[in-house]
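Contents: one structure, followed by commentary.
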Number of protein chains: 2
Amino acid sequence: MYFRAQNHSSFGLFKKATTFATCKIYIIKMEKLIKNISVDCVIFGFNSKTLQVLLTERILKDEKTGEILISDYTLQGHHVLVGENLDDAARRVLKEKTGLDNIYLEQYYTFGNVNRISNPKDQLWVRTRYPEISDHVISVGYFSLVNSALVKPDHGHEFTQWFPVEELPPLAFDHETIIQKALEALRFKLWREPIGFELLPEKFTLTQLQSLYEAVLGIKLDRRNFRKKVSQMKHIILMDDHKKRSSPNNPQNYFFSREVYEKTRKARLDFTI
Amino acid sequence: MYFRAQNHSSFGLFKKATTFATCKIYIIKMEKLIKNISVDCVIFGFNSKTLQVLLTERILKDEKTGEILISDYTLQGHHVLVGENLDDAARRVLKEKTGLDNIYLEQYYTFGNVNRISNPKDQLWVRTRYPEISDHVISVGYFSLVNSALVKPDHGHEFTQWFPVEELPPLAFDHETIIQKALEALRFKLWREPIGFELLPEKFTLTQLQSLYEAVLGIKLDRRNFRKKVSQMKHIILMDDHKKRSSPNNPQNYFFSREVYEKTRKARLDFTI
DNA sequence: CCAAAAGTGTTTATCATACACCCATGC
DNA sequence: GCATGGGTGTATGATAAACACTTTTGG
């Protein structure tokens, strides 16, 4: 159902190209991209309080007057390259925008309405920056979960930052829809599968874990019940940190074992008819 | 999360075209299709015993010798038309292949590997029948659930029939993968949401309903426990058929009310950490 | 008369839910 | 010394799981 975003791309040309100067990369991309298919990555992070999304500023000024024509934000996305697998395109975007390999990445929906880039601002942007792009672009949505401490928001040339999912700035194209749908997909999955760990450091405390579930699922949980539940899950394992005793500044650390999870998961037949 | 496949397409040109002669439709399609984007519909049906998929035969003979070069099956699919929304393309395919409007349809995954049509047989087929098609076709997968009694398998010109999902014939392209993934998506969803009714007639018996869950989810259920569970679900409603008494040949009919479901669904916080 | 399907209740075990107090630390 | 966050147990109610016999009908 999901895969790790490792950069073992089958697209040799691009890999080689990255060893050249930056302008060279740019030219290669422009020549080789598929005009009507793109990927958009909704990159989720968690700052111990709220769920966040990584967004990049989009600014367009009038060349003569300097008037600001567009000022909003976009997701991390790019057109698929000729000869590139869809998943590799998503991995490539992630690697470029966050510098990270091997992070949780999952395709969740494809956006293919005819009018998704027909807004006047978006038309202006596309015609100015990407004149060779098709009018009808299909975009394949991926969401990825990262430990946001690992992402330096200023990685690229563009101005990129985290926004709480509850307080999104104005967004380009249909990116608001894309984010909402990603959020639904993330929530739906988090109810059934242990993917929350992807948003946390390897070592985490139960308080962190509980906050994560509360923030992402939008629910309130009782601390004792949560901890009781965790203690039954064999795949959430107490680290032996050789600490004497837990205290507010010295809480106990846990880690998640997917191997144990796969082996011990129960099949309780609790379904909705 | 899903939508009904009604044919309120925003693609005026095609709608008008269907009123012309068949050859005309063909020409319009060939001229106006997007060469690298298609939709594939995995149409599931249920015959009171097994879950089935609707497949169409693909045959290619050598023009001179008559030798059979290809003989296998494909899903119902087609390229997206210029100016057509993705969802409308899926609805169009469904309408063409089953004659049905207003059936359950859900997009579940997009298949974009470079090599998905690179098998020699598939290359031969594509070059013979659709020479103008791109080498790298992205296909958006939809699954739909129909009451299979409503589908006359010979609807189109092609030879189309139902196959049990456990006994699939040889399949074209990556259609086996596409079906497996559709099955996963269907199962995953059936655990959490009441979509099984879409595979049954409006009136159904509890035995039919239970068989459906057993067949699709691949589990065995206790009849008494199942019926107890159903009796707690207010959205599964006994029909007042004015029958005296239920018996083996005269079982009681039920129907499903989505309205009641939406109003009475419980939010039990039962999640996996 | 018998095979095949419809219908029905009780007990047990598991799990979600609700709820309150003590402790260690940094400020 | 106090505010903050970490840690802990018990009682109740809901529901999943296990389990067997009777009835009706068509062949």
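Under the salt bridge (charged side-chain N to carboxylate O under 4.0 Å, His left out) criterion, B:E259 pairs with B:K263, not counting sequence neighbours. Under the side chain to side chain contact (heavy atoms under 4.5 Å, CB included) criterion, B:S139 pairs with B:S38, B:D40, B:R116, not counting sequence neighbours. Listed by chain and residue number, nothing satisfies the salt bridge (charged side-chain N to carboxylate O under 4.0 Å, His left out) test with B:D87 (two or more places apart in sequence, or in another chain).
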N/O contacts under 3.5 Å, protein versus nucleotides 9-12 of chain C?
| from | atom 1 | to | atom 2 | distance (Å) |
| --- | --- | --- | --- | --- |
| C:dT10 | O4 | B:K228 | NZ | 3.0 |

Interface polar pairs with nucleotides 2-6 of chain C, N/O, under 3.5 angstrom:
| from | atom 1 | to | atom 2 | distance (Å) |
| --- | --- | --- | --- | --- |
| C:dA6 | OP1 | B:T207 | OG1 | 2.9 |
| C:dA6 | OP2 | B:T207 | OG1 | 2.7 |
| C:dA6 | N7 | B:R223 | NH2 | 3.4 |

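Atom CD1 in A:I273 sits roughly 12 Å away from atom C1' in D:dA16 (whole-Å rounding). In this structure, A:Q210 atom CD and D:dT8 atom P are separated by 14 Å, rounded to whole Å. One can place CG of B:L221 at 9 Å from P of D:dA17, the figure rounded to the nearest angstrom. A:F204 has its CZ atom 18 Å from the C1' atom of D:dG5, to the nearest Å.
In this structure, A:R58 forms a cation-pi arrangement with A:F173, its terminal cationic atom sitting closer than 6.0 Å to the ring centre and no more than 45° off the ring axis. A cation-pi contact, defined as under 6.0 Å to the ring centre and within 45° of the axis, links A:K181 to A:Y109.
Legend: salt bridge (charged side-chain N to carboxylate O under 4.0 Å, His left out) pairs involving residues 214-233 of chain B, not counting sequence neighbours, sorted by first then second residue: A:D270-B:K229, B:E214-B:K220.
Residues B:T56 and B:T74 have side chains that never bring a donor and an acceptor to within less than 3.5 angstrom of each other.
Ring geometry, A:F204 versus A:F197: the interplanar angle falls from 30° to 60°, so the pair is classed tilted.
For A:K229, no side-chain nitrogen or oxygen approaches OP1 or OP2 of C:dC15 to under 4.0 Å.
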